[in-house]
**Student:** 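Okay, handing you the structure first.
What you see is a predicted model, and the numbers here were worked out from it, not measured in a lab.
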Amino acid sequence: MKPRRKKNKQAQNKTAAIIFILAFVFCSIFIVAKTGMQVPAAGKTMMFFLSPFQKSFSWLGGGFSDFKDSVEEMENLQEETTQLRAEVEKLRAENLNASEALSENQRLRALLGYKQNATQFDLIAASIVGRDSVTWSSVVTINRGTLDGVADNMAVVTELGLVGHVIEAGLNTSKVQLILDPRSSVGTLIQRPESRVAGIVEGDINNPNAPKMVNIPKDADVQVEDMIVTSGFGGVYPKGIVVGKIKEIHNDEGGLLKHGIVATTVNFEKLEDVAVIVESREPPPEPLPPVIQSAGSEIDAEEVAKQLEHAKIIQQEVRDRVKQAQILQLEQVRQSGGGTAN
């Protein structure tokens, strides 16, 4: 057993010696390769035999240097990529802001154009800053209040037509009841000269996006595509503001009246900017056309007086219906603890 252990120990010593010599030689070659120092002639013979190893060390050194350069280049590329991403996000945000500013500019220009053309109104521009969470489509909040001259029961419009009216004016904000609200009622007329039928536009609880014109006599001259404007009855909405047009006509259950479904000119789903009418100067009524009397015809003064009296009665009935609707809505709002209704 002892001779075998001795042989193993000698073999281990030889291996360690060879490793030491090789390590020494490799280190010498590496130092020479890196520093370029001169070696004596006696060592040149050994260097000749070990030159392949020197080339290997040079190759390894060059590869390590290239690897280090590649790592640094990757780090630089990663940093540049991060900077480019940040710049792209910044440009994207600037583009979104520019698009939003352009859209707002277009809306405000449209309102400004309406303000310049509607010289009979004093308008205050406002933006919608909130919607009622309970009645999402019927009550909105605008960023104007009593400090800006806004008061209750002022009409609210856009360049496209009627929006609603102020039901609660605060210092800096106000609540606006839209004409889509079932509690709202607007005295209206068919704009067509041959018709001029009066009625009331009110919100429909079963169709939140389309109000209806009610209290229309069954035989009244109302047609699909007829435009509807405010009549001025009731004292809230000035006369002549566009409301919408008739898109459907249906007979009521009683058989004496009918109602029309109204397509509003204002798109309430995209409503952002409005104008409050703080003062209205309605234009004077158009003069009546002169009566041309043909030869041999006579004007029946009594018949003309009867027609005028009949027209006054119809106007008074419409006013009474609007007032009754307003009183009923006011009672409903008081019972529910809400604001004033139109």
**Student:** Restricting to side chain to side chain contact (heavy atoms under 4.5 Å, CB included), what partner residues turn up for Val129, sequence neighbours left out?
**Tutor:** Thr141, Asn143
**Student:** Give a yes or no on whether Ile142 and Val278 share a hydrophobic cluster (residues Ile, Leu, Val, Met, Phe, Trp, Tyr; joining criterion: side-chain heavy atoms under 4.5 Å apart).
**Tutor:** yes
**Student:** Does Asp152 reach the main-chain N or O of Ala169 with its side chain, forming a donor-acceptor pair under 3.5 Å?
**Tutor:** yes
**Student:** Does some side-chain heavy atom of Gln83 sit less than 4.5 Å from a side-chain heavy atom of Glu79?
**Tutor:** yes
**Student:** Whether the side chain of Ser280 engages the backbone of Phe121 through a donor-acceptor N/O pair (distance < 3.5 Å, no angle test) should be reported.
**Tutor:** no
**Student:** Which pairs, with at least one residue in residues 190-200 and sequence neighbours excluded, count as a salt bridge (charged side-chain N to carboxylate O under 4.0 Å, His left out)?
**Tutor:** Arg192-Asp221, Arg192-Asp226
**Student:** Please check: side-chain N/O of Thr230 versus main-chain N/O of Ile241, any donor-acceptor pairing under 3.5 Å?
**Tutor:** yes
**Student:** Kindly write out the residues that satisfy side chain to side chain contact (heavy atoms under 4.5 Å, CB included) with Asn267, not counting sequence neighbours, or none if the list is empty.
**Tutor:** Glu269, Lys270
**Student:** Would you find a donor on one side and an acceptor on the other, under 3.5 Å apart, between the side chain of Thr265 and the backbone of Gly244?
**Tutor:** no
**Student:** Using the side chain to side chain contact (heavy atoms under 4.5 Å, CB included) criterion, which residues pair with Leu147? Sequence neighbours excluded.
**Tutor:** Leu171, Asn172
**Student:** Set out, in order, the CA-CA distance, both residues' side-chain angles and the distance that settles side-chain contact (heavy atoms from CB on, under 4.5 Å) for Val201 and Ile228, then state yes or no.
**Tutor:** CA-CA 9 Å; Val201 170; Ile228 305 169; 4.3 Å; yes
**Student:** Suppose we screen for salt bridge (charged side-chain N to carboxylate O under 4.0 Å, His left out). Which residues come up paired with Lys245, at least two apart in sequence or across chains?
**Tutor:** Glu225
**Student:** Any sub-3.5 Å donor-acceptor pair from Ser138's side-chain atoms to Leu180's backbone N or O?
**Tutor:** no
**Student:** Output every pair passing salt bridge (charged side-chain N to carboxylate O under 4.0 Å, His left out) with a member in residues 138-151, not counting sequence neighbours, ordered by first then second residue.
**Tutor:** Arg144-Asp148
**Student:** Are the side chains of Val176 and Val274 in contact, using a 4.5 Å heavy-atom criterion?
**Tutor:** no
**Student:** Within the 4.5 Å heavy-atom criterion, are Ile200 and Met213 side-chain neighbours or not?
**Tutor:** no
**Student:** Does atom CD1 (Ile205) have a neighbourhood of more than 12 heavy atoms from anything else shown, all under 6.0 Å?
**Tutor:** no
**Student:** Output a table of donor-acceptor pairs, distance under 3.5 Å, between side-chain atoms of residues 246-258 and any protein atom two or more places apart or on a different chain; print 'none' if there are none.
**Tutor:**
| residue | atom | partner | partner atom | Å |
| --- | --- | --- | --- | --- |
| Glu248 | OE1 | His250 | NE2 | 2.8 |
| Asp252 | OD1 | His259 | ND1 | 2.7 |
| Lys258 | NZ | Lys218 | O | 3.2 |
| Lys258 | NZ | Ala220 | O | 3.1 |

**Student:** State the OG1-CG distance between Thr264 and Asn209, to the nearest 0.5 angstrom.
**Tutor:** 8.0 Å
**Student:** I need the Arg131 CZ to Phe268 CZ distance, nearest 0.5 Å.
**Tutor:** 9.5 Å
